[in-house]
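Atoms within each ligand, like the ligands themselves, are counted from 1 in listed order. What you see below is based on every heavy atom in this structure, not just the backbone, and it leaves out hydrogens, waters and symmetry mates. Only a predicted model underlies this, so the values are computations on that prediction, with no experimental measurement involved.
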Amino acid sequence: MNKFEALGIEARVVKAITELGFETPTPIQEQAIPVLLKEEKDLVGLAQTGTGKTAAFGLPLIQTVDFQSHHTQALILCPTRELCLQITKDLQSYTKYMQGANIVAIYGGASIVNQLRDVKRGAQIVVGTPGRMVDMINRKGVTLKTVKRVVLDEADEMLNMGFKEDLDMILSETPDEKCTWLFSATMPREVESIARKYMADPFQITVGKRNEGNVNIEHVYYVVHSRDRYASLKRIVDYYPEIFGIVFCRTKAETQEVAEKLIRDGYNADALHGDLSQAQRDQVMKRYRSKSLQVLVATDVAARGIDVDDVTHVINYNLPDEIENYTHRSGRTARAGKTGISIVILNVREVSRVKILERIIGKKFTKARIPGGHEVCEKQLFSLISKIHDVEVNEAAIAEYLPQIYAQLQDLSKEELIKRFVSDEFNRFLDYYKNAPDLNVENRSFEKSPDRGERGERPERSGERGESTRRVPERDSNMTRFFINVGEMDGLDKGGLLRFICDTSNLEGSNIGRIDVKSSFSFFDAAKEVEDFLLNAFKGSTFKGRKVRIDPADSGNGNSGGGGGNSFGSGKRPYGGGEGGWKKKRFESSQDFGGGNSSGGNSNGPRRSKFAKKSH
Ligand code: AMP
């Protein structure tokens with residue numbers, strides 16, 4: 001027997017949802033459906049979007065509605081237009097085999113005349129946003145006296161958005177003896193008071209722990225300097241080549257700015273915020289939904305109700321003003337039983353907020369390190385390899401060129417060929433990241449340092465902004481100056497030397513300070529506490545076959561090599577002109593060439609569709 005049938009869902013509906021790919025009920029469906037089918041009871045469901053909550057109330061709802069009647073029997077209220085349309089669409093698909101079903105969406109930003117007409121035709125189920133519903137009621141366009149079920153979906157969001165009065169007004173139009181089903185991702189006091197006011201002894205369902213977000217979401221935070229926020233974002237995006245993410249910003253201006261920077265830097269990104277027209281927002285969402293956009297940069301309000309499955313990462317570029325909204329943000333990933341990562345980028349002063357977030361989600365965060373250039377390159381390399389492995393070959397199109405290609409490559413062995421094909425793409429990333437700075441702020445070393453103020457954040461100095469600048473601990477009594485007998489003549493620059501030191505000693509870059517590369521030797525500073533460790537680690541070490549020696553240098557000569565700025569890395573994307581990006585290039589399929597993508601088409605070097613992403 002079909003598992004939904006076993007819960008009491010009738011055959012016509014089972015047929016429709018089977019076509020949608022529903023085979024096994026989700027936990028919330030398993031709990032809610034039998035109760036809502038059998039009992040005339042109020043219900044409070046603590047569940048996020050992505051848990052299958054629409055079907056959890058939608059399936060029992062459509063079975064309690066008489067579709068031969070023209071009266072409005074059910075009202076579903078939800079916070080946003082997007083969610084309103086999504087619920088309507090879902091219910092329409094569940095009722096595909098039910099004759100006479102008329103489910104109408106009532107939302108702002110569209111013609112009210114058409115909506116009035118649609119309701120007048122006899123809508124048994126009305127799905128509405130509160131503001132427009134109030135308009136409809138005032139115009140006597142909808143009668144709620146015959147309503148038997150009211151669903152309040154994302155109740156916390158509706159209250160957050162200031163719909164309390166509208167809800168009171170709408171609910172006062174409905175009969176007292178109706179059943180009310182309330183769903184909310186969080187249960188703040190306001191929602192509890194709504195539940196108390198409008199519901200009698202409700203049946204309660206909690207998916208996961210109370211106030212716990214989706215269990216499939218891993219919560220991670222990074223600590224960086226505020227000025228490195230953007231560079232860190234890029235690093236994270238690069239570290240996850242398959243990312244399909246939403247970046248949350250606090251304001252419209254910040255959203256626009258971050259999106260513009262990403263676009264300029266060659267990422268396949270776009271902005272979604274309230275200053276865009278509805279048509280522009282629809283366009284952005286269409287591109288995101290179809291995955292021709294990889295990264296959506298959004299404000300909380302604009303992203304409400306985004307119901308895109310498969311979002312792999314949510315990135316909190318800045319935390320929301322209302323910290324409770326973190327749950328809504330993170331709930332955009334790990335939908336429909338999938339897993340996802342919710343990332344928070346924090347500066348040192350914000351670290352204490354992790355505790356608050358942990359209380360809100362009822363779950364621990366993991367502290368992670370912004371990946372270094374080497375790690376990013378490795379990730380990108382293997383992503384590239386698997387893409388080459390899986391690429392679909394268009395035999396017919398390539399056939400005519402093959403004889404000439406084979407002839408041209410005949411002197412190369414398979415190993416040589418592999419190396420060259422991969423390097424052609426990979427070198428750009430290696431170049432870009434070869435001197436990438438460490439963007440992490442080491443809490444520990446800040447706490448220890450006596451001269452860095454209470455919070456341990458070093459004051460910003462001019463010339464220390466941006467990805468191209470490496471933040472190093474200032475030289476102080478906690479540092480030891482080392483001499484090392486390799487330098488420019490060995491092909492090393494600051495980044496190369498730093499990498500060599502770190503690789504040889506297994507120390508993190510944060511232990512190393514100023515580096516001065518000379519022609520045949522160099523100086524570098526290292527934390528005093530790792531002095532012995534370093535001396536030991538370099539015993540017997542070599543560089544390109546040459547024996548390497550390090551010695552503590554004369555500390556009185558601390559400024560040798562002076563001033564030279566700690567400018568590591570070019571700060572440019574690995575593509576031509578410093579503007580283009582691997583990201584963008586890879587993400588554009590051949591059909592995308594020449595348009596449809598606001599990332600612009602001119603900043604890149606030659607695009608090579610052979611590595612273009614096919615689809616997610
Ligand atoms: P929701 O929480 O209602 O937004 O649902 C999230 C996603 O899960 C939607 O794309 C649904 O179509 C899908 N979904 C809901 N229930 C099931 C199920 N039992 N099996 C498979 N997919 C489902």
Any donor and acceptor pair, going by atom type alone, linking the side chain of Thr333 with main-chain N or O of Val311 inside 3.5 Å?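 Yes.
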
Can you tell me if Ser290 uses its side chain to pair, donor with acceptor, with the backbone of Lys286 under 3.5 Å?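 It does hold such a pair.
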
Ring center gap for Phe244 and Tyr288 short of 6.0 angstrom: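 Ring-ring flag for Phe244/Tyr288: true, centres closer than 6.0 Å.
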
Are the ring centres of Tyr317 and Phe248 closer than 6.0 Å?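 For Tyr317 and Phe248, the ring centres are not under 6.0 Å apart.
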
Is there a nitrogen or oxygen of Gly52 sitting under 3.5 Å from a nitrogen or oxygen of ligand 1?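 Yes, there is a polar N/O contact under 3.5 Å.
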
Among all protein heavy atoms, pick the one closest to [atom] and tell me residue, atom and distance.
atom: atom 21 (C) of ligand 1; result: Phe22 CD1, 3.7 Å
atom: atom 3 (O) of ligand 1; result: Thr54 OG1, 2.6 Å
atom: atom 4 (O) of ligand 1; result: Arg335 NH2, 3.2 Å
atom: atom 16 (N) of ligand 1; result: Gln29 NE2, 2.7 Å
atom: atom 8 (O) of ligand 1; result: Ala336 CB, 3.3 Å
atom: atom 19 (N) of ligand 1; result: Thr24 O, 2.8 Å
atom: atom 9 (C) of ligand 1; result: Asp309 OD2, 4.0 Å

List ligand 1 atoms under 4.0 Å from Phe4, heavy atoms only on the residue side.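 The list of qualifying atoms is 19 (N).
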
Are a donor atom and an acceptor atom from the side chains of Glu157 and His328 found within less than 3.5 Å of each other?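 Per modelled atom types, Glu157 and His328 side chains form a pair under 3.5 Å.
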
Do Glu260 and Gln256 pair up side chain to side chain, a donor and an acceptor below 3.5 Å, judged on atom types alone?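 There is such a pair between these side chains.
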
Is Lys379 positioned over the aromatic face of Tyr239, cation under 6.0 angstrom from the ring centre and no more than 45 degrees off axis?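 Yes, Lys379 and Tyr239 form such a contact.
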
